[in-house]
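What you see below is based on every heavy atom in this structure, not just the backbone, and it leaves out hydrogens, waters and symmetry mates.
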Number of protein chains: 2
Amino acid sequence: MAARDYGEYGGITRAMELVGERWAMLIVRDLLLGPRRYGELAAGLPRIPSNILAARLKELQAAGVIRRAPRSRVIIYEVTPYGRELEPVMVALGAWGFKGMGDPREEQIITPDSMTMDLRAAFRASVAATLPATVYGARVRGAELLIRVDGRALDVRRELTLEDRPVDLAFAAGPGIHRLISGALGPEPAIETGVVRVLGGDPGLLGRFASTFHLAA
Amino acid sequence: MAARDYGEYGGITRAMELVGERWAMLIVRDLLLGPRRYGELAAGLPRIPSNILAARLKELQAAGVIRRAPRSRVIIYEVTPYGRELEPVMVALGAWGFKGMGDPREEQIITPDSMTMDLRAAFRASVAATLPATVYGARVRGAELLIRVDGRALDVRRELTLEDRPVDLAFAAGPGIHRLISGALGPEPAIETGVVRVLGGDPGLLGRFASTFHLAA
DNA sequence: CCGCATCCCATGTGATACTG
DNA sequence: CAGTATCACATGGGATGCGG
């Protein structure tokens, strides 16, 4: 039941024993964004087999990375304080991976949690601090997010109702939004080519979005 | 041949597809410390099967993380510029894993490269900057390292001959050195209990070592 | 229903042997 | 030295079942 080890005594080795097995890092990623129920995790990781999810949850608990939330009627998983310390590492790792992403294949999905982590990785607080507070509503391949930027603070939350929010800019995009964030595509061309479709608000704010969230290879 | 994917389009997912398979992260760790030949990698990862090492080297090359060094007579592997960008992530991940290490089991090994990465993770540049430049010679379970600290700079290299170096402090230790770095054991008790055995130089400098390299849970 | 556990088969991994 | 080849075995994937 314990994760397979490498027979080596070192930091990287230990880290990989804790979160290096298949799917484990993605489970921790989602839990870093908030407590989740078993079904929510399964929904956020559509291709994970249920037996693997169950096994990983046990292993991560045994490793002290996550735990079941105490004094809760229903079963809820959350990161432990030690697991929480993975947060900056996760953001940096996500940024590195983001830079290595090519164009999306048709069958690839984007989940709210993966999108949220990517936004956090691409977020440039120092740039945002120079811009007015802004609320964006984004819909990317089914994932709907409410993105609030205020000074150096970023808050991303999953919202079911996008339309009736007081957003400054609402837009829908395919995974091609990656090209907007990487700078391969400017805001205006993104709209013109249909990569980004403005649903409401001021289309000119897409440039502000691209300045706020930027991660180039 | 390509790494198994997760069917998801996101930074963390991509990162795990690139370096998430078993042994891949350890190979990159070693290559981040310098170019290595196939045999050197195999020696630094004693328990990796040769077919797996060969497979990972191919995959990491296809992923653009490592490459064969150009215009070299012999075959040498090295990180690409993109792979080099993993360095800060690796150090942070190693620090996180280090904090999660318990006491070593008897069969666990320490390699020069794993020890070097742990030292880098535990290195406190801001503390070192306040201390005189110091050269340490350390021998930990067969791994011999020459550790030079000068201001905010850290240089660790593998040296075969430890004795005839102008080191300020030379010591041998078991994996229990982890307790010295984590602060669970002070310098004097470490020497008294035999966890650290001073081979030469000023034993009082072990306190400086413990101040320079510190990583607590 | 939610939170898993079981089953079976495909694939990946490990140990060893072998080769250009 | 730098890998391949082979085969036994462990793990992952997908479907399904089941108890609280």
Side-chain angles (χ1 to χ4, degrees), chain A residues 1-8 13 16-28 30-31 34-63 66-78 107-109, chain B residues 1-8 13 16-28 30-31 34-63 66-78 107-109:
Chain A
M1 181 58 61
R4 278 184 300 170
D5 72 332
Y6 289 94
E8 194 188 276
T13 306
M16 294 318 287
E17 287 169 2
L18 294 178
V19 294
E21 296 208 50
R22 191 159 165 76
W23 294 105
M25 194 76 83
L26 302 187
I27 293 170
V28 176
D30 288 9
L31 289 180
R36 297 279 187 272
R37 301 190 52 170
Y38 183 96
E40 295 178 296
L41 289 168
L45 276 2
R47 294 192 19 178
I48 193 175
S50 65
N51 56 342
I52 299 297
L53 176 55
R56 293 293 174 272
L57 288 172
K58 280 185 186 171
E59 293 159 7
L60 288 169
Q61 282 178 86
I66 70 172
R67 68 183 173 199
R68 290 182 171 193
R71 57 183 160 286
S72 167
R73 285 188 309 99
V74 295
I75 298 175
I76 295 182
Y77 295 95
E78 63 183 15
E107 81 279 9
Q108 288 185 309
I109 61 168
Chain B
M1 182 56 64
R4 277 183 300 172
D5 73 331
Y6 289 93
E8 192 187 277
T13 306
M16 293 317 287
E17 288 169 1
L18 293 177
V19 295
E21 297 208 48
R22 191 160 164 76
W23 293 104
M25 194 76 83
L26 302 187
I27 293 170
V28 177
D30 288 10
L31 289 180
R36 298 277 187 272
R37 302 190 54 169
Y38 183 95
E40 295 179 294
L41 288 170
L45 276 1
R47 293 193 17 178
I48 192 175
S50 63
N51 55 343
I52 299 296
L53 176 55
R56 293 293 173 272
L57 288 173
K58 280 185 186 172
E59 294 159 7
L60 288 168
Q61 282 177 87
I66 71 171
R67 68 183 174 200
R68 289 183 172 193
R71 55 183 162 288
S72 168
R73 285 188 310 102
V74 295
I75 298 175
I76 295 183
Y77 294 96
E78 63 183 14
E107 80 280 8
Q108 287 185 308
I109 61 168

Give a yes/no answer on whether the side chain of B/Y77 brings an N or O atom under 4.0 Å of OP1 or OP2 in D/dC1.
no
Could you write nucleotides 15-20 of chain D as a row of B, S and -, 5' to 3', where a protein heavy atom under 4.0 Å of any base atom gives B, of only sugar-phosphate atoms gives S, and otherwise -?
BB----
Rounded to 10°, tell me the angle between the two end axes of the helix from C/dC1-D/dG20 to C/dG20-D/dC1, each built from five pairs.
40°
Using the side chain to side chain donor-acceptor pair (under 3.5 Å) criterion, which residues pair with B/R67? Sequence neighbours excluded.
B/E78
Per atom distances to the B/R68 side chain, the nearest of D/dG3, D/dG13, C/dC4 is D/dG3
Are any of A/R47's side-chain N or O atoms less than 4.0 Å away from OP1 or OP2 of D/dG12?
no
Measuring to OP1 and OP2 of C/dA5, would you say a side-chain N or O of A/K58 lies under 4.0 angstrom away?
yes
Phosphate OP1/OP2 of C/dG12 contacted by A/R22 side-chain N/O (<4.0 Å):
no
Side-chain donor-acceptor pairs under 3.5 Å in residues 38-52 of chain B, sequence neighbours left out?
unit_1 : atom_1 : unit_2 : atom_2 : d
B/Y38  : OH     : B/S50  : O      : 3.1
B/E40  : OE1    : B/R37  : N      : 2.7

Just jot down the side chain to side chain donor-acceptor pair (under 3.5 Å) partners of A/Q108, sequence neighbours excluded, or say none.
none
Would you jot down, in residue-number order, the residues of residues 34-42 of chain B having a non-hydrogen atom under 4.0 Å from DNA chain C?
none
If you only use heavy atoms from C-beta on, which nucleotide in D/dT11, C/dC4, D/dG12 is closest to the side chain of A/R4?
D/dT11
